[in-house]
Each structure stands twice: as structure tokens, then as C-alpha cells.
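Below you'll find the structure, written out as C-alpha cells, and then a few comments.
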Amino acid sequence: MKDESFFEEFAFLLVKYQATNKANKYRGVPLSSICWTLRGLLNMRTEEVNLTSDELLFLKEWGWIMELSPSNPLYKILKKVDSGQQLSKQERMALEREQQEVKLIWKREQQREQQQQREREQQEKKLALAREQQEKKLALAREQQEKKLALALEQQEKINQERHLAELATKYRVSSSYSSISNRLYDLLCQIDRGNQLSDSEVIWMKLNRFYEPIEISRKMQHFAGLKFMYKATKYQDSFPSSNLYKILKRIDENQPLSTKDIQWLKQEKLSETLAICEEQEALQEIGFSDLKNKYQATKHLDLSLFSPLYQILKKLDTDKQLSLSDINWLEEHQLSETLGIVVEIENNRHFAELKIKYKAAQYEDSSLSSHLYKVIKKIDSASQLGEQDINFLKKRKLTETITVAIDKYAASLKSKIKSGEQLSEADIDWANQNGRDDVITFAQEKEFAALKSKYDVSNYKDKSPSSPLYAILQKLDKGDRIEEIDVAWLEENKLEAPQPSYSYYGWQEERRYQGQKLFSGKIWTAYHKNEATFYEQEYQRTGNKWNLPNASSHWRKADKPRSALKLTENLDFNQIKENKLKSALLTTRGGAFRDIDKLDDAQKCALKAIEYQPQSHHPYTLMGAICFERGEFLEGERWFNEAIKRGASPKDQDAEMKRVVKNTKDENKRREVINYLLKKDSRRYAWANSYLKQPKNKAK
């Protein structure tokens, strides 16, 4: 009992003064029990009894109070403190040592417990992490498996959709490529296949992508559905337009008779209500056929079958449809002349009604084919000119618009006539003037002016107006008429822009440049001189005056017709000509013609003979100078030219002959020889000769 009270007191003091860090751990456990347990364990250890790990741990926790006896210094100190006695220095130091040791033990225990706690937490974290990783792996595996399964399902669905789309594309005749828009197309084809009608926007999309066949099939399917409802055949399942029922229902709807095969098919499909409607309809059609035959006088044709071509022909007539050529031929073959007469009358009446609308005469009430208006309108339709009587007829009936249309149409026909290259007659011109259609005359003049400019190689002349002086001049030339001196002067003054080659200042590089070219050149020049030559020939024939012959010959030469000049002067009897001046003139122009065709010996004979007849005339001397230059006898030619100048020739005449020589010389070496001679003699005077030299192209500067 005494020991028990000691233990309780010691334990109480330990807790009260916090002399043990384990007091809180065993709160609620009697301290006496703890002390008795410690005592027992200490005795067991003294007796070398093996302790368990828990027992050893327990001893460690209370190890600093191993000595559980009243002689324990700690017990004495605590008891002294509890009684209020002052501790000695040695006791305080001992207590502090004990407390320090307690604190160290407590701290180590605390650290050990913290370490164990951390290890447990780390272990738990590792286990939790391992579990989490395992769960993630399992979740990932499940997710991958689900994705594979979903992808497989999606691919299979896509394959099924593509296969179905291909089937629908074949079924609905989709021929063009649809790979990039397959999803949209698939949805719409499925919609059509279900029998649903496409919206306006969906139809537009199909048209934009050129899927016309599905649109048409869809329309037919809707039409088929409507016919099935109308003719009580909805129990028939097939809704595709290729169905035999669709063909039959269309025939019924168009009032066409059914064949025996069609009727058998309806019976086989047990479409009795449809068949009843058809039979009732056919009975009515037979009555209608009989009425039509009476109406159009075709009763002598005995065939009453609804399959008879006559039935279809009469239905066309009754619905105001125009008969085909084969229909007309059938009526003729079956000698239905009365019906044909009615057909002709109907067609003429229809044509008359159309013409009245076309030519603004619809308000005219008389629609009889014997009406004068019918004849007038037929004239207008054939683009014929209306006579005064026709115009008055239209005026009296206030059909002014018809008159205007008639004038416009005839004017258009005249313009078409002009375009085709025909000329307007005097009557046409009078009509245009009377009806104020100056545009027709102007159009004709413009076309003629353009044709004349093309004919005479002056299309580049800018003025296109018929008021241009050139138009009047070309008209005269084309008719073979002479033109006045004022016309010649105008042609000399005015130029035609035409591209001509020229050369740069710094080298012989050819460049294109536009230079003025006189209108009085080329074909205009030739036509002028031809007309003049013809005039002087005619004057000679009219008057017998031989002075017209050298004039005509000179113009033939300028018109580039030297042989015509020679022919004109070849049979002359010079013995019958008294004037030496005339003889000289005739021989000079004849010699010039020989020179033109390169018969220089004959030309020289004529020139020398002309000099004999008139030694003081410079013309034959000039001819001799030109002949010598063409032969390459330049000094001799100069001598003859000088003789010509002594007798009144102008240096310009010599220059003109030099140009003719250079221009007409065909041999390039001879031409170069003449040019070199002229340039050496006077490079400024004969500078024009440079343009006749052939220059090397693309030569470096």
C-alpha cells in the first residue's frame, strides 16, 4: 500500500511539472498503473527476462525514470518544489540536467516520430501514385480501345455510306464528279429516296453543281405520288419513275387509251379502283372521239378505236395546237379532204392573228382571211413595199403603228440588200426620200464609199462621211467619167497616212514610220489616166483630130498601159500627116511606150526620127537622154539632156526621167550603178536615190 501511494505521487509530480514528454500520450491511463508497469518491466530486465519490442519501446519512453524508488533525485526535487521549498544550486543544476536530457530525448523521439510519419506518408504517396498511375493506364487503355472501336465503326459507317451513295448515284443518274461534296449530295439523295420534296434552296444547290438528273427524277417521283393519289393506286409501293405504273398513270392522265397489256398489269397488281377509273375515262373518250369526228367532218373514217391516229389529230385541232407535217400527210392519205380544209382555215386564221399582233394591228376586229388587211400584212411580213392604196387603207383605219412597222421593215430589207453588195435602184432611193429614210441612203453611200476606198487602196483615209470630196471623185473614176481640175488639185493637196519603212539617223536599223502619201497616186492615179486616155481616144474617133492621139498615148503610158499606147499609134501613115510638130509628138510618145516595155532600140529610132521632124523640140532629146541612162551610157545621156535644156527643157524634167530610170530598172546592179553615178554627180540634188538602195537590216550601229 505504501509503494502504491509512492508510485501515484511520483507519477502525479511528473505530470504536474511536465517532467515527461509522454504524459499526454497516456492521458486517461492511471499513473499508478504506468508506474507499476514500469516497475514490473525493470524487474524483468534485471532478472534478464526477454522483453517484447513494445515493452522495450515502453521502457525507452520512460527510461529516464528507470529508478522508481524514493531515493530517485528527481522525486526528491519534485517533492521539494511541490512543498514550496527553495531548491539549492546543486538541485537546480541537477534538475536542469535532467530536464535537458528530457528535452533531448523528447526532441529525438519527436524527430523519430516525424521521420516515421514522413516515411508513412511517402509510402502512402507512393502507393497512391502507383494506384493513380495504374488507374490512368487502365483509363488510357480503355480510351484507346474505345477510340479504335469508334474509328472502326466510323470507317464502317463511311464505307456503308459511300456504298449507299454509289447506289443512289447510279439510281438517280449522277454522272458528274461528287467527291468533294459527297456528304451534302448523300443527304439530298436520301431525302429524294424517301420521297420527300426538295426545297427551293436545295434545288438551286443541285443545279449549281449540275445534278440535273436527280432534280428531274425527284420531280417525276412527286408527280408519280400525285397520280397514285388521284387514281387511287397508293397501295402500290414502288415510287420510282421507271415503274410500269407511272407510265400507265401518265397515259390515263393524258387521256390516252390503255393497251391490253396495261389492263392485264393493273389486274395482276389488283389495282381495281384505278382500272375502274380508266374504264370510265375511256368510255367518255370514245364519246368525245365521236363528237370530234362530227365537229371536224371526219365521220367517213370508220375506225372508232382510241388508238387511231385520227383521235390524236382531232384532239390537237380541238385544243388549238398546230398539226405536224406527218399529221397532214396522214389526213391526205386517208382522203379526209373536208378535215384538211378546216385545218387550212384554222392555220390561216392562227397565222393572221399572229401577224396582227406582230404588226400592231390587233385592234382591227375583222379576222376574215378575205380581209384586205390580211393581204397588206402578208406584204409587210415578206418585206415587200406597200403601195399607196395599202398605206391609205391603213391610215383610214388608224393603224399608224402598222405603217411605221412596215416602213421600218422595208428599210431593214433595203439595208440588208446593201450589205449583200447590191446597189439601190432609183425606185428604192425615191422610196427612201419620200418616207424620210435618209438613214437608208446614208447607209448605202457609206457602204459604197467604203467599197470604193477598198477598191482604190485608200481605206486608210480617215473621213468616212459620204460628204467627203473623195467619195464624189471615186464615184466619177469608177464610172469612167473625167474629173475636174479642181478634183485633181484636191487629190494633190490631200494625203493618205500609210506605213512606210524609214531608217534611223544613227544607223541602218529599219523602223516603222507613218509618212504622208498623196491621194493622187496608186490606183486613183491609174484610173484617172485611163479615163483621160479613153476620153482622148473617143475624141479622136469623134473629130478625127490626130492631136488627140499623143494625148491619149501619154495618158495610157501614165496608166501603165504602154501597149495600149503603141496599139493606138501603130497603123499611122505619117505621109498623110502634114504637121512635122504632130509627127514629132506622135513619134516621141510612141518611143516612150517602147522604152516602157524595154524595147530601147525601137525607142531610139522613134526619138531620132522625131528630132528630124522637129529639131527644136526638147521632148525627143529628153527621151534620148533617158534611153542612154537606161543603157548605162551616162555621159552620152548627159549630152542629150543638155541638148534638151538648150531647147527649153526644165531640170525637173531630167530629174523625173532619172527617177523613172531608177525605179523601172529591174537589174539591181544596173540600178546601183545609176544611183552611184547620180550621187557622185550631185548628192544633194539626187538625195532621193538613197531610198532605192537596198540596205542591210539589223546592222550594228
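These values consider heavy atoms only, across backbone and side chains, with no hydrogens, waters or symmetry-generated copies.
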Is there side-chain contact between Asn545 and Tyr540, with heavy atoms separated by less than 4.5 Å? no
Non-hydrogen side-chain atoms of Asp463 and Leu470 separated by less than 4.5 Å: no
Would you say Asp560 has more than 12 foreign heavy atoms packed within less than 6.0 Å of its CG? no
What's the separation between atom CG in Leu586 and atom CZ in Phe574, rounded to the nearest 0.5 Å? 5.0 Å
When you look at NZ of Lys670, are more than 12 heavy atoms from neighbouring residues, nucleotides or ligands closer to it than 6.0 Å? no
Does the side chain of Thr400 reach to within under 4.5 Å of the side chain of Lys395, using non-hydrogen atoms? no
Presence of salt bridge, Glu643 and Arg639, under 4.0 angstrom: no
Residue pair Ala411 / Trp431: nearest heavy atoms and the distance that separates them: N-CH2, 3.9 Å
Tell me, do Trp556 and Thr534 make a side-chain contact under 4.5 Å, heavy atoms counted? yes
Taking 4.0 angstrom as the limit, do Glu638 and Lys681 come out as a salt bridge? yes
Once rounded to the nearest 0.5 Å, what's the spacing between atom NZ of Lys518 and atom CG of Asn494? 11.5 Å
State which residue, out of Tyr461, Tyr471, Tyr456, fulfils the ring-ring contact (aromatic ring centres under 6.0 Å, His included) condition with Phe449. Tyr471
Taking the basic N atoms (NZ, or NE/NH1/NH2) and the acidic carboxylate oxygens, is any pair closer than 4.0 Å for Lys415 and Asp439? yes
Of Asn435, Leu386, Thr402, Val376, the one forming a side chain to side chain contact (heavy atoms under 4.5 Å, CB included) with Ile391 is Leu386
For Gln604 and Phe594: C-alpha separation, side-chain torsions, deciding distance, then whether side chain to side chain contact (heavy atoms under 4.5 Å, CB included) applies. CA-CA 9 Å; Gln604 181 176 338; Phe594 278 124; over 6 Å; no
If you measure from CD on Gln445 to OG on Ser467, what distance do you get to the nearest 0.5 Å? 9.0 Å
Check step by step if side-chain hydrogen bond (donor to acceptor under 3.5 Å, both in side chains) holds for Asp390 and His372. CA-CA 9 Å; Asp390 298 329; His372 185 65; 3.1 Å; yes
Are more than 12 heavy atoms from other residues, nucleotides or ligands located less than 6.0 Å from atom NZ of Lys409? yes
Counting heavy atoms not belonging to Lys453, are there more than 12 under 6.0 Å from its NZ? yes
Decide, yes or no, whether a salt bridge links Glu570 with Lys567 under the criterion of side-chain N to carboxylate O below 4.0 Å. no
Lys561, NZ: over 12 other non-hydrogen atoms inside 6.0 angstrom: no
Hey, could you give me the CG/OH distance between Leu477 and Tyr528, rounded to the nearest 0.5 Å? 10.0 Å
Residues pairing under side chain to side chain donor-acceptor pair (under 3.5 Å) where one sits in residues 654-666, two or more places apart or in two chains, turn out to be Arg595-Glu657, Asp596-Arg660, Asp655-Arg685
Under 6.0 Å from the six-membered ring centre of Tyr692 and within 45° of its axis: does the NZ or CZ of Arg671 meet both? no
Take a 6.0 Å sphere around CZ of Arg563 and say whether it holds more than 12 heavy atoms from other residues, nucleotides or ligands. no
Listing request: all ring-ring contact (aromatic ring centres under 6.0 Å, His included) pairs with a residue in residues 665-689, at least two apart in sequence or in separate chains. Phe629-Tyr677, Phe634-Tyr677
Quick one: pull up CD in Glu448 and CG in Leu424 and give me the separation to the nearest 0.5 Å. 9.5 Å
Should the pair Glu539-Arg542 be classified as a salt bridge under the 4.0 Å nitrogen-to-oxygen rule? yes
Residues 483-490, side-chain donor-acceptor partners within the protein, below 3.5 Å, at least two apart:
residue	atom	partner	partner atom	Å
Asp487	OD2	Lys476	NZ	3.3
Asp487	OD2	Glu484	N	3.2

Where do Arg437 and Ile441 land on the side chain to side chain contact (heavy atoms under 4.5 Å, CB included) test, with the steps shown first? CA-CA 7 Å; Arg437 295 308 296 255; Ile441 297 173; over 6 Å; no
Ser326 vs Asn329, test: side-chain hydrogen bond (donor to acceptor under 3.5 Å, both in side chains). Steps then yes/no. CA-CA 5 Å; Ser326 61; Asn329 291 336; over 6 Å; no
Are the side chains of Ile627 and Trp640 in touch, meaning some heavy atoms are under 4.5 Å apart? no
Run the side chain to side chain contact (heavy atoms under 4.5 Å, CB included) check on Gln389 and Phe393 step by step: do they pass? CA-CA 6 Å; Gln389 181 183 357; Phe393 173 84; 5.8 Å; no
Residue pair Leu549, Leu572: steps toward the side chain to side chain contact (heavy atoms under 4.5 Å, CB included) verdict: CA-CA 10 Å; Leu549 294 177; Leu572 291 175; 3.8 Å; yes
Rounded to the nearest 0.5 angstrom, the OG-CG distance for Ser553 and Asn548 is 12.5 Å
Could you check whether any side-chain heavy atom of Leu414 comes within less than 4.5 Å of a side-chain heavy atom of Phe443, counting everything from C-beta outward? no
Does a sphere of radius 6.0 Å around CG in Asp682 hold more than 12 heavy atoms from other residues, nucleotides or ligands, not counting ones at 6.0 Å or beyond? yes
Side-chain contact test, heavy atoms from C-beta onward, threshold under 4.5 Å: evaluate it for Cys606 versus Thr589 and give yes or no. no
Under a 4.5 Å cut-off applied to non-hydrogen side-chain atoms, are Ser617 and Arg647 in contact? no
Give the ring-plane orientation class for Tyr536 versus His555, where under 30° counts as parallel, over 60° as perpendicular and anything between as tilted. parallel
